[in-house]
Structures are given as structure tokens and as C-alpha cells.
S.K.: 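Below is one structure. I have some questions about it.
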Amino acid sequence: ILGTLVFSALALAIIIPFYGLNIIQEILAQQITAKNVNAFKILQSLSTPIGLMAIPAWALALTERKKISTFYSFKKPSFVLLGMILIIMIASMPLMEWFTLTNQKMILPDFLKNIEVWMRAMEEAAMQTTIKLITVRNNWDFVINLIVIAVLPAIGEELMFRGGVQRSLYRAFENHH
């Protein structure tokens, strides 16, 4: 949490001089426009994948007094494993689509109707934000989106969960699974 707070503050320190103080209200209200979408990307990239995931993973390696490359056992990936991952990803797409469609068709009982309405409103707001976030106006936007949406979160998540949380659970329970 401390990493998120520090890196969110850093992101705001970068954003405010360029976009003004109103940017904070716009982002909190999810009023993302073509003018402020880059500010949102800066905040997203610094606060979540870096501040919430990568920095705590790095701090965990430091508390163990090991180099990060040694602590996380970075090795050259096997082409066989990469191929298997690609096949699994492609094969799982229909299942993921089915889950998405099932989720969209979900109807809650009458006594939970207010929750259902709220959930649908949140999903619609998230969809609008996502569309604004992934809209590409030029090649540079594509590169930035690739880094902010795919690369940084993937690296941060792998370091945090596979490297940090899984290792800690293994120590606590002496079981990889």
C-alpha cells in the first residue's frame, strides 16, 4: 500500500504541472477525455503495476538480502514452454468468451436487484474508461498502450504473485500448491 501511495503521489507530481489541479477531480470522477487520457495512463502505470506490485516485490528481495535476479531466479525462457503458453492462451479464448457472456447475462434475485443495477452501471463505466484508454490515434499511442496495459502490469504481477506471494506461502506451508 505504501508503494501505491508513494507512486501515486509521484504520478500526481508529474501530472499536475501539465494538466492542473482539476485533473485529480476528473480522474476520480472517471471523466476521462482525449485531453486527459495521458494523465490517466501516467497515474495507472506508476500507481498499480509499479507502486502496488513491482516495488513491493523488489522490497521483498531486498529484505532477503539477495539480488533481484537471484531471488526471482530469472532464467532464459524455454521456447517449448513459450509455445505451450501460446497454445493454451489461444485454446482458452472460447472459454473466456463464454465466461464473459455468462457474466453479462447474469440475473440476480429480486431482493438483490439494486446490487445488480449497481454492478451493471460499474461494468458500463469500466467499459467506457477502457475504450478511452485503448483508443489509438497514432503509433506512439499504440506503444504507450502496450507498455501501460500489457508490459508493466504483467511484469509487476509476476514479480509480486509468483515471486513474492507464492514464495511466502511455500515457506509458510511448505507446499508449492
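Scope of the values below: all heavy atoms of this structure, side chains included, with no hydrogens, waters or symmetry mates. For this chain, numbers begin at 1 and follow the sequence in order.
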S.K.: Is the shortest side-chain heavy-atom distance between Leu46 and Ile14 below 4.5 Å?
M.R.: yes

S.K.: Starting at CG of Leu43, measure out to OG1 of Thr48 and round the result to the nearest 0.5 Å.
M.R.: 7.5 Å

S.K.: If only atom types and distance count, is the side chain of Arg120 paired as donor or acceptor with the main-chain N or O of Ile115 below 3.5 Å?
M.R.: no

S.K.: Would you give the length of the straight line joining atom CD1 of Ile24 to atom OG of Ser8, rounded to the nearest 0.5 angstrom?
M.R.: 11.0 Å

S.K.: Heavy-atom distance under 4.5 Å between the side chains of Met106 and Met119, does that happen here?
M.R.: yes

S.K.: Can you see which heavy atom on Pro56 is nearest to which on Ile50, and at what distance?
M.R.: CD-O, 4.2 Å

S.K.: Are the side chains of Ile16 and Leu21 in touch, meaning some heavy atoms are under 4.5 Å apart?
M.R.: yes

S.K.: Does Val143 form a side-chain contact (heavy atoms from CB on, under 4.5 Å) with Ile147? I'd like the steps, not just the answer.
M.R.: CA-CA 6 Å; Val143 171; Ile147 292 168; 4.1 Å; yes

S.K.: Using the side-chain contact (heavy atoms from CB on, under 4.5 Å) rule, take Thr129 and Phe40 through it: C-alpha gap first, then chi angles, then the decisive distance, then the call.
M.R.: CA-CA 10 Å; Thr129 299; Phe40 183 75; 4.0 Å; yes

S.K.: Stepwise, does the side-chain contact (heavy atoms from CB on, under 4.5 Å) test hold for Ile15 with Asn36?
M.R.: CA-CA 10 Å; Ile15 293 168; Asn36 67 12; over 6 Å; no

S.K.: For Glu123, give me all partners under salt bridge (Lys or Arg N to Asp or Glu O under 4.0 Å), at least two apart in sequence or on another chain.
M.R.: none

S.K.: Hydrophobic clusters here meaning ILVMFWY residues chained together by side-chain heavy-atom distances under 4.5 Å, can you tell me if Phe161 and Leu52 are in one?
M.R.: yes

S.K.: Are Trp140 and Val148 joined in one hydrophobic group, where the rule is that I, L, V, M, F, W and Y side chains link up if heavy atoms are under 4.5 Å apart?
M.R.: yes

S.K.: Could you state whether Leu108 and Val117 fall into the same hydrophobic cluster, counting links through intermediate Ile, Leu, Val, Met, Phe, Trp or Tyr residues with side-chain heavy atoms under 4.5 angstrom apart?
M.R.: no

S.K.: Flag the pair Tyr19 / Asn38 as yes when at least one side-chain heavy-atom distance between them is below 4.5 Å, and no otherwise.
M.R.: yes

S.K.: Measuring from atom CZ of Phe99 to atom OG of Ser92, what distance do you get when rounded to the nearest 0.5 angstrom?
M.R.: 10.0 Å

S.K.: Quick check for you: to the nearest 0.5 Å, what is the distance between Ile85 atom CD1 and Ile90 atom CD1?
M.R.: 12.0 Å

S.K.: Determine, using the 4.5 Å side-chain heavy-atom cutoff (strictly less than), whether Ile134 and Ile42 are members of one ILVMFWY cluster.
M.R.: yes

S.K.: Does atom CG of Asn103 have more than 12 heavy-atom neighbours from other groups under 6.0 Å away?
M.R.: yes

S.K.: Rounded to the nearest 0.5 Å, what's the gap from CD on Gln128 to CG on Leu133? Could you check?
M.R.: 12.5 Å

S.K.: If you measure from CD1 on Ile107 to CG on Leu112, what distance do you get to the nearest 0.5 Å?
M.R.: 13.0 Å

S.K.: Identify the heavy atoms of Thr4 and Ser47 that sit nearest to each other, and give their distance.
M.R.: OG1-O, 3.7 Å

S.K.: In the structure I gave you, are the side-chain heavy atoms of Ile149 and Lys41 within less than 4.5 Å of one another anywhere?
M.R.: no

S.K.: Can you check whether Asp141's main-chain N or O pairs, donor with acceptor, with Asn138's side chain at less than 3.5 Å?
M.R.: yes

S.K.: Side-chain heavy atoms nearer than 4.5 Å, only ILVMFWY residues, links allowed to pass through others: does that put Phe18 and Phe7 together?
M.R.: yes

S.K.: Mark yes when over 12 heavy atoms from residues, nucleotides or ligands other than Leu82 sit less than 6.0 Å from its CG; otherwise mark no.
M.R.: yes

